[in-house]
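One structure below.
Each ligand, and each atom within it, is numbered from 1 in the order the structure gives. We count residues from 1, following the sequence as given. As a basis for the values below, the full set of heavy atoms in this structure was taken, side chains included, without hydrogen atoms, waters or symmetry mates.
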Amino acid sequence: MSDLPRIVRTVADLRQQVAAWRAEGLTVALVPTMGALHEGHLSLMRQGAEMCDRVVATIFVNPTQFAPSEDLDSYPRREAQDVAALRAAGVPLLFAPDVTEMYPNGFSTTVTVATVSEGLCGARRPGHFAGVATVVAKLLLQALPDVAIFGEKDYQQLQVIRRMARDLDIPVRIEGGETVREADGLALSSRNAYLTAEERAAAPALHRVLVEVAARIRHGAAPAQALADAAAVLEDEGFGPVEYVELRDAETLAPDPAPGRPGRLLAAAWLGKTRLIDNIAV
Ligand SMILES: Nc1ncnc2c1ncn2[C@@H]1O[C@H](COP(=O)(O)OP(=O)(O)OP(=O)(O)O)[C@@H](O)[C@H]1O
Ligand SMILES: CC(C)(CO)[C@@H](O)C(=O)[O-]
Ligand code: BAL
């Protein structure tokens with residue numbers, strides 16, 4: 001076991017290993033990531049191990065989901081540490097392709113998911129969800145696992161992936177994993193490493209404010225006022241710009257959920273040079 005995870009870099013090797021497991025009658029869970037693994041990622045790996053016989057982790061910092069102005073070059077890359085974390089978690093296979101394996105010369109296809117990709121992060125990060133949908137469609141078709149698991153921390157991403165898999169008849173069950181948080185409520189994220197000490201101290205306000213707004217709405221407050229107040233509190237706490245604090249239908253992400261439909265509060269805001277997102281159920 002000490003040489004695990006086995007690391008494969010090609011689609012052919014990934015498929016060969018998954019096929020060998022299938023031939024033994026084993027089920028497979030896929031957990032796609034961009035690396036710099038933390039406890040949030042590892043909770044998805046554990047969820048995969050509970051649902052299936054074998055877990056495949058993927059690490060690929062996908063260039064097509066970063067806008068030119070974003071942090072593709074500075075995004076943390078630390079494969080050796082990630083491999084050690086996967087070993088400790090008992091994950092047997094890591095797929096870590098390079099960019100040319102995923103996007104060979106002549107690559108020309110993009111998957112776009114309308115409606116659920118629009119608004120929220122989709123409005124702020126043009127092209128982001130097309131990049132995510134394209135790479136996730138590829139990963140699902142490359143590995144063809146029984147289940148693929150994505151964190152609720154990236155809630156809009158999860159809904160985009162669910163829609164995409166349904167629309168394209170990709171025969172993989174998409175599962176969400178609960179957001180893992182620091183003790184003070186801050187959602188774990190690879191990008192938290194960008195925060196200065198002062199920003200890190202302010203960061204938990206994002207989750208705290210969402211919890212407060214959810215309570216106000218549950219107690220009958222008008223959502224529009226509660227959301228505007230929340231944005232103002234975040235600005236007072238040093239966030240800026242506050243990109244959005246919104247209440248959406250939990251599944252379609254349509255604004256103004258109909259009575260009786262589950263709602264989701266979602267927010268994105270900058271703290272210095274770091275863009276933080278979070279969301280909770282209402
Ligand atoms: N705190 C968390 N709890 C549960 N799942 C998480 C958490 N953070 C990330 N994930 C999930 O892990 C998967 C890989 O995410 P990713 O590698 O982008 O990590 P990240 O920490 O979200 O990084 P980033 O800072 O780029 O958003 C995604 O499905 C994501 O939703
Ligand atoms: C799903 C994903 C691995 C696709 O690159 C990425 O968007 C992420 O890490 O959340
Ligand atoms: N965690 C979602 C990937 C991204 O922000 O690009």
Quiz prompt | Identified side-chain contact (heavy atoms from CB on, under 4.5 Å) partner of V245 from the options D229, V233, L266, L210 | solution = L210

With the side chain counted from C-beta on, respond yes when [X] and [Y] share a heavy-atom pair under 4.5 Å apart, and no when they do not.
{"X": "E24", "Y": "D53", "result": "no"}
{"X": "L120", "Y": "E246", "result": "yes"}
{"X": "L247", "Y": "I217", "result": "yes"}
{"X": "V28", "Y": "V56", "result": "yes"}

Quiz item: Is the side chain of R9 donor-acceptor paired with the backbone N or O of A96 at a distance under 3.5 Å, no angle test?
Solution: yes

Quiz item: Do the side chain of R248 and the main chain of L253 share a donor and acceptor less than 3.5 angstrom apart?
Solution: yes

Considering only protein heavy atoms, which is closest to [atom], and at what distance to one decimal place?
{"atom": "atom 31 (O) of ligand 1", "answer": "D154 OD2, 2.6 Å"}
{"atom": "atom 17 (O) of ligand 1", "answer": "M34 N, 2.9 Å"}
{"atom": "atom 11 (C) of ligand 1", "answer": "L44 CD1, 3.7 Å"}
{"atom": "atom 27 (O) of ligand 1", "answer": "K153 NZ, 3.0 Å"}
{"atom": "atom 5 (O) of ligand 3", "answer": "R191 NH1, 2.7 Å"}
{"atom": "atom 6 (O) of ligand 3", "answer": "Q65 NE2, 3.0 Å"}
{"atom": "atom 4 (C) of ligand 1", "answer": "E178 O, 3.4 Å"}
{"atom": "atom 1 (N) of ligand 3", "answer": "D154 OD1, 3.0 Å"}
{"atom": "atom 3 (N) of ligand 1", "answer": "V180 N, 2.9 Å"}
{"atom": "atom 12 (O) of ligand 1", "answer": "H41 CD2, 3.2 Å"}

Quiz item: If Ile, Leu, Val, Met, Phe, Trp and Tyr residues are connected whenever their side-chain heavy atoms lie under 4.5 Å apart, and connections chain through other members, are V61 and I7 in the same group?
Solution: no

Exercise. From atom 23 (O) of ligand 1, work out which of Y75, Y194, F66, F60 has a heavy atom at the shortest distance.
Key: Y75

Self-check item: For atom 5 (N) of ligand 1, the option (of G151, P32, G35, A187) bearing the nearest heavy atom
Solution: G151

Can you tell whether the side chains of [X] and [Y] come within less than 4.0 Å, N to carboxylate O?
{"X": "R261", "Y": "E251", "value": "yes"}
{"X": "R208", "Y": "D278", "value": "no"}
{"X": "R87", "Y": "D3", "value": "no"}

Just distance, no hydrogens or angles: give the donor-acceptor pairs under 3.5 Å from side chains in residues 111-119, sequence neighbours left out.
unit_1: S117; atom_1: OG; unit_2: V113; atom_2: O; d: 2.7
unit_1: E118; atom_1: OE2; unit_2: T115; atom_2: N; d: 3.1

Practice problem: For S190, counting its heavy atoms only, list the atoms of ligand 1 lying under 4.0 Å from any of them. | Solution: 19 (O), 20 (P), 21 (O), 23 (O), 25 (O)

Quiz item: Against heavy atoms of T33, which atoms of ligand 1 measure under 4.0 Å?
Solution: 14 (C), 17 (O)

Quiz item: Under the criterion salt bridge (Lys or Arg N to Asp or Glu O under 4.0 Å), which of R125, K273, R275 is the partner of E70?
Solution: R125

Quiz item: Under 30°, 30 to 60°, or over 60°: which ring-plane class applies to Y75 and F66, parallel, tilted or perpendicular?
Solution: perpendicular

Distance filter under 4.0 Å to [X] heavy atoms, resulting ligand 3 atoms:
{"X": "Q157", "result": "2 (C)"}
{"X": "M34", "result": "3 (C), 4 (C), 6 (O)"}
{"X": "H128", "result": "4 (C), 6 (O)"}

Quiz item: Listed by chain and number, what are the salt bridge (charged side-chain N to carboxylate O under 4.0 Å, His left out) partners of R191, not counting sequence neighbours?
Solution: D71

Can you find an N or O of [X] that's nearer than 3.5 Å to an N or O of ligand 1?
{"X": "S43", "answer": "no"}
{"X": "S189", "answer": "yes"}
{"X": "L188", "answer": "yes"}

Within the structure, is a non-hydrogen atom of [X] found at a distance of less than 4.0 Å from ligand 1?
{"X": "E152", "value": "no"}
{"X": "R181", "value": "no"}
{"X": "A36", "value": "no"}

Self-check item: Proximity to ligand 3 by part of R125, non-hydrogen separation under 4.0 Å
Solution: side chain

Self-check item: Within residues 132-148 or reaching into it, pairs that qualify as side chain to side chain donor-acceptor pair (under 3.5 Å) - sequence neighbours excluded
Solution: R22-D146

Quiz item: Between N62 and Y103, does any side-chain donor sit less than 3.5 Å from a side-chain acceptor?
Solution: yes

Self-check item: Distance-only donor-acceptor check, side chains D13 and Q17, under 3.5 Å
Solution: no

Close N/O pairs between ligand 2 and protein, under 3.5 Å:
unit_1: ligand 2; atom_1: 5 (O); unit_2: Q65; atom_2: OE1; d: 2.6
unit_1: ligand 2; atom_1: 7 (O); unit_2: Q65; atom_2: NE2; d: 2.9
unit_1: ligand 2; atom_1: 7 (O); unit_2: Q157; atom_2: OE1; d: 2.7
unit_1: ligand 2; atom_1: 10 (O); unit_2: Q157; atom_2: OE1; d: 3.4
unit_1: ligand 2; atom_1: 10 (O); unit_2: Q157; atom_2: NE2; d: 2.8

Exercise. Consider every N or O of K153 and every N or O of ligand 3, then say whether any pair is closer than 3.5 Å.
Key: no

